[in-house]
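Here's the structure we're looking at; comments come further down.
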2 protein chains.
Amino acid sequence: MNRLKKSNTPSIAPIKCSQCPIRHRAVCARCDDDELENLESMKTYKTYAAGDVILWRGEPLEFVASVVSGVATLSKTMEDGRTQMVGLLLPSDFIGRPGREQIDFDVTATVDVILCCFDRPRFESLVCETPHIAQRLMELALDELDAARDWMLLLGRKTAREKIATFIEMLARRSSHGHDGSKNVIDLHMTRDQIANYLGLTLETVSRQFSALKKDGVIDFSDRKHFTVEDIAALQDETGDDADGGVVY
Amino acid sequence: MNRLKKSNTPSIAPIKCSQCPIRHRAVCARCDDDELENLESMKTYKTYAAGDVILWRGEPLEFVASVVSGVATLSKTMEDGRTQMVGLLLPSDFIGRPGREQIDFDVTATVDVILCCFDRPRFESLVCETPHIAQRLMELALDELDAARDWMLLLGRKTAREKIATFIEMLARRSSHGHDGSKNVIDLHMTRDQIANYLGLTLETVSRQFSALKKDGVIDFSDRKHFTVEDIAALQDETGDDADGGVVY
DNA sequence: ATGATTCTTTGATCTGTATCAAGGCAAAAA
DNA sequence: TTTTTGCCTTGATACAGATCAAAGAATCAT
């Protein structure tokens, strides 16, 4: 969508401690041994099956967590059932914020999810004493804010076709692992209905737009949940975004 | 859009420190004398006329600022001119974030605006050394994130009528000054076109919905820009939000 | 004041997406 | 295997809101 959201705080030294992504990606890249030990002691893992609700809106937050694997969504639901997703959690994304004791949306696993959880009160006191962790959490919050604002433009002004193209392009960007040039098979992770709730559409419209993009040779489905991008340039043209990621002259 | 020019009006507005909202609302509530002195020394005021662009997307950020008076909007514009507002700045709101050297949206004054500006590099180093300011900025960012997510629900799932009712209710909430019971005259601050860009509608639809709400006795206009809420209960019913502000059982 | 300009309202019509409906397909269960 | 169940696709139709159009108020400039 745009590349302006790059953080320019001093880049974080890649200290790889162990398997836990929270260690080297989310909060602890600059932690010393004491801090790591402290984090380690408040850490537990939890797993959720696809479809499980991880947190209900308004429920008191007992832990904060980093996503280790899987995909979860943040969603808001109106009294009559209309639902809007307001965020997507992928590995290394963070749940919970300093000073917030509850959240105003539901968090749901769309595929099996593993979380690395930290006791909230203890985590908060560590954050208070550790400016570089606070700083890292601020970065994460600002990244989410940028993402939310991009999504506002999508929800308010883009056509169904543009929404789908943007969504596909985002998935393509986030799922490409710096590969060879070969076409990546991209995993959709979600049902048509969930995608519709993310894009502010109905499931039928999502299905029709996928079909149209396939007919136009932009993407190709191997099965319902997996596709390849056949024509990246065409896809990017369809998103409605600046080709150039936001550089202004 | 083209007619909009960046105004470089030199700072004037000799506002007394005690009046500056940044002191008691935004960052300094817990500052000691040294910190206040430091903030004071990096502070300048800037004024912008209605319609002026305060900051262009992508432009390097030389200052961070607190809104002293007036209303400004954050907006994103697509190549073909479609525009979506992604935020509203009212007095005491903050522009600029620690670690961000630019922003990915335009900031525009909708009425005359006075900003209290702080030199960005100096402000950032103060933030680094002052955890309670960092903490306050985190709170502000999280509030904005919550607001953005509420807006995503509005943009993605609400009807035109619900959007207008939500907007009016928000204005009513933010503009009430803990008054006597009398009906507050609320200032719209924006044109129909700007409101449309905020709500993901067209200006004609905004106008029609205002007329409908007036005909139904929910609100009443004294002139184009000023109205009163005649029936708060009816208004809240129209927003589509939980009556109860989000408490969950 | 007077005319120009910029908003706003309202009407008529159009259209993109929702809604309603009916099968199709694939994985899971029996 | 057959049946069930949960998604997905596609078609027909409806409708909310966009678009096009024109005229009525404010506000601004002269």
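Within every chain, numbering begins at 1; the chains are lettered A, B, ... in the order of the sequence lines, protein sequences first and strands thereafter. This is a predicted model, so every value here is computed, not measured.
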Checklist line | Sugar-phosphate, base or nothing in reach of B/R224, heavy atoms under 4.0 Å | finding: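 Since a base atom lies under 4.0 Å of B/R224, the category is base.
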
Check: Is A/K76 paired with B/D241 through a side-chain N to carboxylate O contact shorter than 4.0 Å?
Finding: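 Salt bridge between B/D241 and A/K76, a charged N being under 4.0 Å from a carboxylate O: no.
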
Notebook entry, point to check: If we fit an axis to the first five pairs and another to the last five of the helix from C/dA1-D/dT30 to C/dA30-D/dT1, what angle do they make, to the nearest 10°?
Noted result: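 Axis angle across the helix from C/dA1-D/dT30 to C/dA30-D/dT1, nearest 10°: 40°.
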
Spacing of [X] atom [atom1] relative to [N] atom [atom2], expressed in whole Å:
{"X": "A/E162", "N": "C/dT17", "atom1": "CD", "atom2": "C1'", "answer": "14 Å"}
{"X": "B/K225", "N": "C/dT6", "atom1": "NZ", "atom2": "P", "answer": "14 Å"}
{"X": "A/K163", "N": "C/dA18", "atom1": "NZ", "atom2": "P", "answer": "7 Å"}
{"X": "B/D223", "N": "C/dT9", "atom1": "CG", "atom2": "C1'", "answer": "15 Å"}
{"X": "B/F221", "N": "C/dT8", "atom1": "CZ", "atom2": "C1'", "answer": "11 Å"}
{"X": "A/D193", "N": "C/dT19", "atom1": "CG", "atom2": "P", "answer": "12 Å"}

Item checked: Where chain B begins and ends its contact with DNA chain D, read 5' to 3' at 4.0 Å from heavy atoms ->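 Nucleotide range with atoms under 4.0 Å of chain B: D/dG17 to D/dA26.
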
Next item on the list: Scan side-chain atoms only and decide if A/T83 and A/T77 contain a donor-acceptor pair under the 3.5 Å cut-off.
Entry: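 Short answer, yes.
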
Item checked: Sidechain-backbone polar pair: A/D93 side chain, A/L90 backbone, donor-acceptor under 3.5 Å ->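 Such a contact is found between A/D93 side chain and A/L90 backbone.
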
Checklist line | Polar side-chain atom of B/D106 near backbone of B/T108 as donor-acceptor pair, under 3.5 Å | finding: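 Side chain of B/D106 to backbone of B/T108, a donor-acceptor pair under 3.5 Å: no, none is there.
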
Note to self: Under 4.0 Å, heavy atom to any atom of DNA chain C: which of residues 194-217 of chain B qualify?
What the structure shows: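 The stretch gives B/L203, B/E204, B/S207, B/R208, B/S211 as the residues lying under 4.0 Å from the strand, ordered by number.
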
Note to self: Heavy-atom nearest nucleotide on DNA chain D for A/R157 versus A/T191: which residue maps closer to 5'?
What the structure shows: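 Result of the comparison: A/T191.
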
Item checked: side-chain hydrogen bond (donor to acceptor under 3.5 Å, both in side chains) contacts touching residues 223-235 of chain A (sequence neighbours left out) ->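 Residue pairs passing side-chain hydrogen bond (donor to acceptor under 3.5 Å, both in side chains), neighbours aside: A/K183-A/E230, A/T228-A/E230.
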
Notebook entry, point to check: In chain order, what residues pass the salt bridge (Lys or Arg N to Asp or Glu O under 4.0 Å) check against B/E62, with sequence neighbours excluded?
Noted result: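 Partners of B/E62 under the salt bridge (Lys or Arg N to Asp or Glu O under 4.0 Å) test: none.
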
Shortest non-hydrogen contact from [X] toward [Y]:
{"X": "A/P91", "Y": "A/G70", "result": "CD-O, 3.3 Å"}
{"X": "A/S75", "Y": "A/F105", "result": "O-CB, 3.3 Å"}
{"X": "B/F63", "Y": "B/K46", "result": "CE2-NZ, 3.3 Å"}

Next item on the list: Could you check whether the rings of A/F210 and A/F221 sit parallel, tilted or perpendicular, using 30° and 60° as the cut-offs?
Entry: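 Geometry flag for A/F221 against A/F210: perpendicular rings.
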
For residues 199-207 of chain A, dump all side-chain donor-acceptor pairs below 3.5 Å to protein atoms at least two apart in sequence or in another chain.
residue	atom	partner	partner atom	Å
A/T202	OG1	A/T205	N	3.4
A/T202	OG1	A/T205	OG1	3.1

